[in-house]
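Working notes, beginning with the structure itself.
Atoms within each ligand, like the ligands themselves, are counted from 1 in listed order.
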Amino acid sequence: MSGRRPSLPFDPWDPAFVADPYPAYAELRARGRVHYYEPSNQWLVPHHADVSALLRDRRLGRTYQHRFTHEEFGRTAPPPEHEPFHTLNDHGMLDLEPPDHTRIRRLVSKAFTPRTVERLKPYVDGLADDLVSALVDAGGGDLLTDVAEPLPVAVIAEMLGIPESDRAPLRPWSADICGMYELNPPEETAAKAVRASIEFSDYLRDLIAERRTHPGDDLISGLIAAHDEDDDRLTEQEMISTCVLLLNAGHEATVNATVNGWWALFRNPDQLAALRADHSLVPTAVEELMRYDTPLQLFERWVLDEIEIDGVTVPRGSEVAMLFGSANHDDEVFADPERLDLTRRDNPHISFSAGIHYCIGAPLARIELAASMTALLTKAPALRLAAEPERKPNFVIRGLKGLLVEV
Ligand code: HEM
């Protein structure tokens with residue numbers, strides 16, 4: 001139609017786009033540094049330099065509620081029936097800004113320093129060995145359910161002190177809550193997230209009460225002690241929200257990074273062969289696979305004070321959607337970005353974000369990804385694909401429905 005701007009090469013509801021968004025991202029980058037996208041009422045930012053700068057820019061925030069009411073910000077409050085999800089979500093550090101974010105992050109970060117996490121390495125390596133041995137004994141299986149999921153779930157549950165017998169609902173609760181992080185989630189997704197938020201919160205409220213009387217050496221007991229004693233205390237809601245955030249963030253992306261990574265290796269046999277021949281490539285391989293098929297594709301920020309991107313004014317009250325997958329394929333930063341290169345050393349990928357919300361679990365995720373990769377390379381040296389995998393339809397949280405393999 002004359003006068004109408006051509007539509008953007010971006011359609012997160014199109015399975016073909018989700019299957020391989022990277023060519024479309026290249027076109028989006030070529031067409032400009034910021035694009036208003038009507039279907040989600042967001043400003044898309046596809047370049048690495050801009051994403052990197054915006055993540056550190058205090059004129060943007062994961063929330064606006066510390067500064068404005070919904071009305072002042074030109075937004076409507078979420079419907080009251082979604083309240084349990086928002087109460088849970090809005091009190092976790094990921095959706096808080098300073099000073100609340102700083103207070104909670106300071107407490108939690110003690111459990112995630114590279115040194116503390118390094119001490120978990122033998123446990124994580126042992127777990128990976130056991131899971132992969134079982135897969136090998138069975139002649140193969142689903143890498144997703146047999147290795148990728150149980151490893152990070154067990155690690156984060158163990159750190160928080162969730163008893164083994166209570167762990168089965170953690171994955172479905174997390175999946176239902178994470179549905180809300182896709183663009184424009186439908187009401188059915190919201191209803192599931194609300195139900196999961198209520199059940200998960202109730203479970204943790206009881207567990208926290210139990211730990212208050214019978215403390216252990218787990219993270220929940222540590223947070224309770226801080227709640228009861230420190231100046232930096234957490235409210236009960238913040239404690240519940242922190243635990244849910246840790247449990248969900250603590251496995252969701254790692255699961256997907258594992259299966260996306262192996263799927264990329266199977267599609268690039270020369271790179272898999274090089275890795276098999278030289279296991280010392282594991283650290284750069286982990287980074288490159290997270291760049292090459294970015295497990296979390298998009299993160300949002302509210303514009304708290306007007307900004308300008310490449311001469312375009314983005315007003316207060318807008319929402320910016322930073323395209324991590326695109327930033328990770330930006331040829332202004334990465335040489336030959338569409339090529340999987342497990343030896344890539346200059347690799348400033350943005351998959352763990354940047355700025356104040358930089359992934360607190362990055363050192364742990366790296367240990368987990370390296371552990372499962374090393375165990376699979378060592379114990380299943382001829383691992384191969386048993387069937388073409390199917391992608392999950394989600395765009396933001398990028399994953400596979402399963403990854404069937406033979407040994
Ligand atoms: C491959 C695995 C992982 C990836 C790709 C990943 C990615 C991310 C990203 C992109 C953010 C920031 C989002 C933003 O800026 O808006 C983040 C934050 C966070 N991640 Fe991770 N993550 C991973 C694993 C983990 C693990 C294992 C944990 C462990 C406990 C974890 C806990 C968190 C927490 C608590 C935050 C919030 C930090 C804050 O708001 O200050 N993540 N992660």
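Classification of the Tyr25-Phe17 ring pair by plane angle, with boundaries at 30° and 60°, yields perpendicular.
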Quick one: table the atom pairs, ligand 1 N or O against protein N or O, below 3.5 Å, distance rounded to 0.1 Å.
unit_1	atom_1	unit_2	atom_2	d
ligand 1	15 (O)	Arg301	NH2	2.7
ligand 1	15 (O)	Ser353	OG	2.6
ligand 1	16 (O)	Arg62	NH1	2.8
ligand 1	16 (O)	Arg301	NH1	2.8
ligand 1	16 (O)	Arg301	NH2	3.2
ligand 1	40 (O)	His357	ND1	2.6
ligand 1	41 (O)	His101	NE2	2.7
ligand 1	41 (O)	Arg105	NH1	2.7
ligand 1	41 (O)	Ile356	O	3.4
ligand 1	42 (N)	Ala249	O	3.3

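In this structure, Arg291 is positioned above the aromatic face of Phe334, its NZ or CZ under 6.0 Å from the six-membered ring centre and within 45° of the axis. Annotation: cation-pi geometry not satisfied between Arg171 and Trp173 (NZ/CZ under 6.0 angstrom from ring centroid, within 45° of ring axis).
Ionic pairing of Arg58 and Asp305 is not present here: no N-O contact between side-chain nitrogen and carboxylate oxygen is shorter than 4.0 angstrom.
Across all non-hydrogen atoms, the minimal contact from Pro84 to Val194 is CG-CG1, 3.9 Å.
Residue pairs meeting the ring pair (Phe, Tyr, Trp, His ring centres under 6.0 Å) criterion with at least one partner in residues 84-119, sequence neighbours excluded, are His101-His357.
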